[in-house]
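Given the structure is predicted, the values throughout are model-derived calculations rather than measurements.
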Protein chains: 2
Amino acid sequence: MGFKPVVPESSPFTLQNIPFGVVSTQQDPSPRCATAIGEHAVDLRTLSKAGFFNDTEVTEALSQLIETLRQANLNVFAALPSKTRTAVREQLISALKDGSLPEESALKLSEVQSHLPVNIPDYTDFFCSLEHCQNCAPMSGGKIPENFFNSPSAYNGRASSVIPSPSLVRRPRGVYWKPGNKEAEYGVSKLVDFELEMGYVVSKPVPYGETMKVDDAPEHIFGFVLLNDWSSRDIQIHEMPPLGPFNSKSFGTTISPWIITLDALDAFRTAPKHKTNPLEHLRFADFNRGTFDIKLAVHLERDGQRHKLCTSNLSYLYWTPFQQLTHHASANCGIRTGDTMGTGTISGDGVGEDGKKYELGCLFEATQHATKPLKFEGGVEVGYLRDGDSVVLSAWCEDASGNQVLGFGECRGQLVGPNAPIKNVTNY
Amino acid sequence: MGFKPVVPESSPFTLQNIPFGVVSTQQDPSPRCATAIGEHAVDLRTLSKAGFFNDTEVTEALSQLIETLRQANLNVFAALPSKTRTAVREQLISALKDGSLPEESALKLSEVQSHLPVNIPDYTDFFCSLEHCQNCAPMSGGKIPENFFNSPSAYNGRASSVIPSPSLVRRPRGVYWKPGNKEAEYGVSKLVDFELEMGYVVSKPVPYGETMKVDDAPEHIFGFVLLNDWSSRDIQIHEMPPLGPFNSKSFGTTISPWIITLDALDAFRTAPKHKTNPLEHLRFADFNRGTFDIKLAVHLERDGQRHKLCTSNLSYLYWTPFQQLTHHASANCGIRTGDTMGTGTISGDGVGEDGKKYELGCLFEATQHATKPLKFEGGVEVGYLRDGDSVVLSAWCEDASGNQVLGFGECRGQLVGPNAPIKNVTNY
C-alpha cells in the first residue's frame with residue numbers, strides 16, 4: 001500500500017496545485033526538496049532515492065534531474081527546462097492519484113520546518129499598482145511619478161533579509177525626522193507597516209549582457225509566492241529622496257514557502273485590469289493571458305482576534321509580472337535562476353457598501369498614514385502595527401463557480417520588539 | 001631554490017601589499033585563491049597542498065584554514081577571524097622575503113585570468129561624497145538632499161552585474177525622455193558615464209536582525225578594491241524619481257580583482273576631510289584613524305591615446321566606509337561575508353592652475369552633463385563615453401616622501417556597442 005493523500009476541502013494544496021518547497025524535520029534536519037498535498041509534504045529526496053524519477057521523460061540527462069531533487073534548495077531544479085519540470089509534476093499527480101508513492105515519503109505538514117525554497121542571488125521589488133501609486137502619492141511628492149506610465153518602476157531589494165513564513169521580524173531602529181520639525185533622530189521606528197505583494201522566482205536565466213522578450217517571459221518564471229514587504233514609514237520618508245527605499249525595507253521580507261508553478265496557474269491566466277499602450281519592449285501578443293487571476297487577502301491577528309484588513313487581486317497591477325521581468329532584463333543586468341521579484345503592493349479601487357475602499361494593500365493607504373485608523377468590532381482601532389501583531393497574507397484561485405481550486409498557504413509574520421529574541425530560517 | 005620575487009619600482013604589488021584574489025590559468029582553468037607580488041601571482045592552493053600553511057598560528061582548526069585556500073572564491077577565507085588572516089599574510093611576506101616558496105606556486109601575472117575575488121551575496125552602492133552630491137544636484141532636484149547630512153545615503157545595487165577587470169561593458173538599451181519633451185522612448189542609451197568609486201568586501205558578518213558598532217567596523221571589512229559604477233545618465237534621469245537608480249546602474253559594475261587588506265592599509269589610516277557631528281550610531285572614537293589616505297586617478301583611453309580625467313582621494317568622503325557599513329546594518333538587514341559595498345563616487349574640490357576643478361569623479365560632473373566637454377591635446381573633446389572608450393581607475397598609497405608603497409592594480413573596462421560580442425568572467 002502506498003501513500004494515498006486526503007485533501008480537506010479548505011486545503012490550499014490540492015491535486016491541481018503540486019507546489020515546490022524545501023523542508024526539514026526534527027528527525028532529519030537537512031533541508032531537501034518537497035511538494036505539498038493536503039496535510040502532507042512529500043519528500044522528493046526520498047522519492048529520488050527510491051528510484052521514483054528513473055522513468056521521467058526528461059529533456060536532459062536523467063541523472064541531472066535525480067541529482068537536483070536531492071539538493072537543499074530548488075535552484076537547480078528551477079533551472080531545468082520547463083518540459084522536464086512539467087513531466088515531474090505530472091508524474092507526481094498521477095502517483096498521488098494512484099496512491100503509489102511510498103508511505104515513507106509522506107511527512108506531516110505540521111511536523112516539517114519550511115526553508116527558503118531557493119537561494120536568492122538578487123531580490124528586486126517593483127512598484128506597479130496604479131491604485132497603490134495614487135494612494136501613496138503623498139509620500140513621493142504629491143503626485144504620480146511622471147515615469148510610472150512608461151515602464152515598470154522598481155528598486156533593487158536586499159536578498160539577505162528575505163525570510164520564509166512563519167517569521168519573526170524585529171521592529172527596526174533607524175534615522176527619521178522628529179515629528180513636527182526637520183531634525184533627524186536615530187531611534188526605534190514607530191511607523192511599521194506591511195505591504196501585500198506577490199513574489200515570483202526565476203527559472204531560465206538571462207545571461208549578463210543579454211535581454212529577453214516579453215512573450216518569452218513565462219519560460220523565465222518558475223512560479224509565484226506571497227510576499228510581505230515589511231516597511232518602516234518613518235525611516236522611508238527620511239531616506240527615500242533621491243535614492244529610493246533602503247533600510248526602511250530591509251529589516252524583513254517574508255515569503256510563503258511553497259512555490260506555485262506556472263503549470264498550476266495556467267488555468268488562471270487572464271487579462272490585466274488596465275489596458276495600456278506600452279513601449280515596444282513591453283508589448284505582448286495575447287492580452288487575455290497577460291496576467292493571472294489570483295485572489296488575495298490580508299488578516300491582522302492582535303490580542304487573540306483576527307481582523308480582515310483587505311482583499312485584492314494580482315490582475316489589478318498596471319504592469320504585469322511578465323512586463324516587469326522583461327523591463328528588468330532590458331538593460332543587460334543578467335537575471336539568475338532563483339532571483340526573486342516582488343510585484344509591488346497590489347491595491348485596487350473596490351468600494352464597500354459603506355463607500356470606503358477596501359482593496360488597499362498596506363496600512364499607509366488603508367489608514368491614510370494612520371490619520372484614519374481602521375475600526376473593528378469591540379472598539380479595536382488599527383493604525384500602524386504594534387509589537388506582537390501578526391500579519392497573514394493569503395492567496396487562492398477559484399473556478400467559475402467561485403470554488404477554491406488551489407491556494408498558496410499562509411505568508412505569516414509577527415512583528416516583535418526591537419530587542420525581542422528572534423530565530424528565523426535562512427539559507428546562509 | 002625557492003621563488004624569489006622581483007618587484008619593479010612601479011609595481012602595485014609590493015611586499016607591503018599582499019593582496020588576495022582568485023585566478024585561473026590556461027593549463028588549469030579551475031579558479032583558486034592567490035596573492036600577487038611584483039609580476040607574479042602566487043597560487044595559494046598549490047601552497048596549501050604543499051603543506052605551507054601547516055604551521056600557521058590559527059584561531060580555529062588548521063584544517064579549516066587549509067580548506068579555505070583551496071576554494072574557488074575567498075568567501076570562506078574572508079570569514080575567518082582577522083588574526084588568522086593576518087597570520088597567513090605575515091607568513092607569506094616572510095617566505096617571499098626568504099625566497100622559500102616553491103617555484104611551482106609562482107604564476108606570471110600576464111598569464112593568469114582574474115576572477116571575481118568573492119561570491120557577492122548582496123551589493124550596495126553609497127552616495128557619500130559631499131562634493132559629488134553638490135555637483136550632481138541638478139540631477140536630483142536642484143539641491144542637496146535634506147537627509148544627506150544625517151546619515152550615509154545608499155541604494156541596493158545589482159550583484160549579477162558586478163564583473164572583474166578587465167571587462168567589456170555593452171552600451172545598454174533602456175527607457176529615457178526624448179530630448180526636449182516629456183515623451184519616453186525605448187532605445188540605445190546615448191549618455192554613458194563612469195563613476196570613480198572604491199569598493200569594500202565584508203569579512204565578519206552581522207546576523208540578520210542584529211546591528212554593529214561603528215568602532216567595530218574594521219573587524220567587518222576584509223579589504224578594498226577599485227570600483228567603476230558605470231552609469232547611463234539618460235536612463236537614470238528618467239527612472240530615478242522616486243525609487244532611485246535601477247537599470248541605469250545595472251548594466252555593469254567593474255571591480256579591480258585584487259582585494260587590498262585592512263592590514264596592508266593600516267599604515268594609511270587618516271582623518272576624514274570633513275569634520276561632522278553625527279548621530280549616535282555613527283560617532284566613532286578615533287577621528288585620526290577614521291578613514292584611509294588612498295590616492296585615486298582615472299584615465300580615458302580613446303583612439304590609442306591616454307587622457308587623465310581626474311584624481312581624488314578616499315579620505316574626501318563625507319561619510320567614511322566605517323560609518324557607511326554601520327548605518328547599513330543599523331536596521332537589521334544582516335550583512336554577509338562577501339557582501340560588497342561601493343563607496344559612491346569620490347569627488348573633491350581641488351582646483352588647478354587654470355581655476356578649474358579637477359577632482360570630479362564622473363563625466364556628469366566634469367563636463368556638466370556634457371555641456372562643457374573636457375579638452376585635451378590635439379583637439380580631443382570628451383563629453384560622455386563613446387563605444388570603444390576604455391576607462392581605467394587606479395589607486396595607490398604613498399609614504400611621507402610621496403613614494404608609492406602599494407597600489408591596487410588597474411580597474412579597467414571598455415564600453416562597447418549594444419550588439420558587440422562580450423565575454424566576461426563571472427562566478428556563476
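Ranked by non-hydrogen atom pairs under 4.5 Å with chain A, the options B:Asn150, B:Leu279, B:Asp122 are led by B:Asp122. With chain B as the partner, the residue from A:Ala154, A:Ala184, A:Ser151 showing the most heavy-atom pairs under 4.5 Å is A:Ala154. Of the listed residues A:Val169, A:Asn147, A:Asn156, the one with more heavy-atom pairs under 4.5 angstrom with chain B than any other is A:Asn156. Highest contact tally toward chain B, considering only A:Leu243, A:Asn332, A:Leu168, is held by A:Leu243 [criterion: heavy-atom pairs under 4.5 Å]. Contact count against chain B (heavy-atom pairs under 4.5 Å) is highest for A:Asp339 among A:Asp339, A:Thr253, A:Thr211. By number of non-hydrogen pairs under 4.5 angstrom with chain A, the leading residue of B:Arg173, B:Arg170, B:Arg158 is B:Arg158. Most heavy-atom pairs under 4.5 Å with chain B: of the set A:Pro418, A:Ser250, A:Gly252, this distinction falls to A:Ser250. Heavy-atom pairs under 4.5 Å with chain A peak, among B:Gly174, B:Gly157, B:Ser153, B:Pro121, at B:Gly157. Most heavy-atom pairs under 4.5 Å with chain B: of the set A:Glu210, A:Lys249, A:Glu280, A:His328, this distinction falls to A:His328. Note: B:Pro245 leads B:Pro245, B:Gly187, B:Ala329, B:Ser189 in heavy-atom pairs under 4.5 Å with chain A.
Using a 4.5 Å cut-off between heavy atoms, A:Leu282 makes no contact with chain B at all. Interface remark: A:Thr124 contributes side-chain atoms only to the contact with chain B (heavy atom separation under 4.5 Å). Both the backbone and the side chain of A:Glu146 come within contact range of chain B, with heavy atoms under 4.5 Å apart.
Of all heavy-atom pairs between A:Thr345 and A:Ser129, the closest is O-CB, 3.0 Å.
For the 3.5 Å distance criterion, the side chains of A:Ser248 and A:Ser232 fail to qualify, holding no donor opposite an acceptor.
Cation-pi geometry between A:Lys182 and A:Trp177 is satisfied (NZ or CZ under 6.0 Å from the ring centre, within 45° of the ring normal).
Under the 6.0 Å cut-off for aromatic ring centres, A:His220 and A:Phe322 do not qualify, their centroids lying 6.0 Å or more apart. Aromatic ring centres of A:His238 and A:Tyr176 lie farther apart than the 6.0 Å criterion allows.
Taking 4.5 Å as the limit, some side-chain heavy atom of A:Leu415 sits within range of a side-chain heavy atom of A:Val192.
Note: A:His281 and A:His327 have tilted aromatic rings, judged against thresholds of 30 and 60 degrees for the angle between ring planes. Ring pair B:Tyr318/B:Phe148 is tilted by interplanar angle, where 30° to 60° counts as tilted.
Not counting sequence neighbours, B:Tyr155 has no partner by the ring pair (Phe, Tyr, Trp, His ring centres under 6.0 Å) test.
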